[in-house]
Amino acid sequence: MRGLFITFEGPEGSGKTTQAELVREKLEALGLRILRTREPGGTPTGELIRKILQHDAGGDELVPECELLLFEASRAQLVRNVIIPALQSGTSVLCDRFADSTTVYQGIARGFGIKLVQSINNFAIGEAVPDLTIMMDVAAGRGLERVSERSPHGKQSYDRIEREALSFHEQVRQGYLELAAAEPQRCVVVNTDRDRDVVAKDVWNVIESRLGEQIRKLAAALREQN
Ligand SMILES: Nc1ncnc2c1ncn2[C@@H]1O[C@H](COP(=O)(O)OP(=O)(O)O)[C@@H](O)[C@H]1O
Ligand SMILES: [Mg+2]
């Protein structure tokens, strides 16, 4: 039986990593096998691409077209070498950022257009369409504050994209809300400007109401295998 594929999306500091880890613990406790991964990265090639994207590791400034295609290149590698094999073996995948990130950062905030980016996304992801996408929603400024609070060097340690203007990050946030409204069958928005336990409860309610039955079936199938 195929595993479940859940993606966590949202602006910087919205709580994707925090909540994905909590979801992993809950799903494992129910008997699922979980693989957690992230974008860009998640494969040796993807992690090299991540260094280029976050810190201009090539040394020259990335043109936006190159940036877009590097995200997609990292994704193509992750999907085929990690995500699809895991799903086929019955492992469920939790991914920190996925195709919607490119749609909003490059399609909306960088202005390439949603249509173009979604068509390249489709090429990169093939059959790896998420069963559920949780859109973590927080005001862009609040999310960035959290990111700088967690770092010993504050804003000095922002990566190339985190250093973009607040208006860029606010476009990202609005972009996610637009996508969620356009694809309500796949996407659910959770307000993450609340205590993390409260957020975790909401996130779990979303997973339970959308995927509860599939989770129980999958857990039963995995128990039979063992
Ligand atoms: N609900 C919350 N309230 C306050 N701080 C939070 C909350 N969720 C996460 N954080 C903190 O904010 C920072 C960013 O969270 P993180 O999960 O890394 O976000 P993301 O992965 O979306 O960038 C971390 O230091 C984290 O501990
Ligand atoms: Mg994170």
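All figures in this text were calculated on a predicted structure; none of them were measured in a lab. Whatever order the structure lists them in is the order used to number ligands and atoms, beginning at 1.
- The contact set between ligand 1 and R194, taken as ligand atoms under 4.0 Å from a residue heavy atom, comprises 1 (N), 2 (C), 3 (N).
- Listed by number with element, the atoms of ligand 1 under 4.0 Å from a non-hydrogen atom of T17 are 17 (O), 18 (O), 21 (O).
- Once rounded to the nearest 0.5 Å, the distance linking CH2 of W204 with CD1 of I134 reads 9.5 Å.
- Remark: T17 OG1 to R97 CZ distance equals 8.5 Å, nearest 0.5 Å.
- Annotation: E12 places no N or O atom under 3.5 Å from an N or O atom of ligand 1; distance criterion only.
- A salt bridge does not link E65 with R110: every distance from a Lys NZ or Arg NE/NH1/NH2 to an Asp or Glu carboxylate oxygen is 4.0 Å or more.
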Please evaluate residues T103 and Y176 with respect to the criterion side chain to side chain donor-acceptor pair (under 3.5 Å), reporting the C-alpha separation (whole Å), side-chain torsions for both, the decisive distance (0.1 Å), and the verdict. CA-CA 9 Å; T103 307; Y176 277 123; over 6 Å; no
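- Residue S14 has at least one nitrogen or oxygen atom sitting less than 3.5 Å from a nitrogen or oxygen atom of ligand 1, judged on distance alone.
- Across every non-hydrogen atom of V117 and Q106, the tightest pair is CG2-C, 4.2 Å.
- Each of E21, E28, E25 was evaluated against R36; a single residue qualifies, E21, per the salt bridge (charged side-chain N to carboxylate O under 4.0 Å, His left out) test.
- The distance from ligand 1 to the heavy atoms of D195 drops below 4.0 Å at these ligand atoms: 1 (N).
- Atoms CG and CZ, from L70 and R75 in turn, are 11.5 Å apart once rounded to the nearest 0.5 Å.
- T18 OG1, 3.7 Å is the protein heavy atom nearest to atom 15 (O) of ligand 1.
- For atom 23 (O) of ligand 1, the closest heavy atom belonging to the protein is G13 N, 2.9 Å.
- What sits closest to atom 6 (C) of ligand 1 on the protein, heavy atoms only, is R196 NH2, 3.5 Å.
- When the heavy atoms of G15, P11, G10, A200 are ranked by distance to atom 19 (O) of ligand 1, first place goes to G15.
- Taking backbone and side chain together, T18 holds no N, O or S atom under 2.8 Å from the Mg ion (ligand 2).
- Of all atoms in ligand 1, numbered sequentially from 1 with element shown, those under 4.0 Å from a heavy atom of T192 are 1 (N).
- Nearest protein neighbour of atom 25 (O) of ligand 1, counting heavy atoms only, is R150 CB, 3.3 Å.
- Of the listed residues (L177, V190, D193), just one forms a side-chain contact (heavy atoms from CB on, under 4.5 Å) with D137, and that residue is L177.
- Heavy atoms only, all atoms of each residue included: S74 and G41 are closest at OG-N, 3.1 Å.
- Closest protein heavy atom to atom 13 (C) of ligand 1: R146 CB, 3.8 Å.
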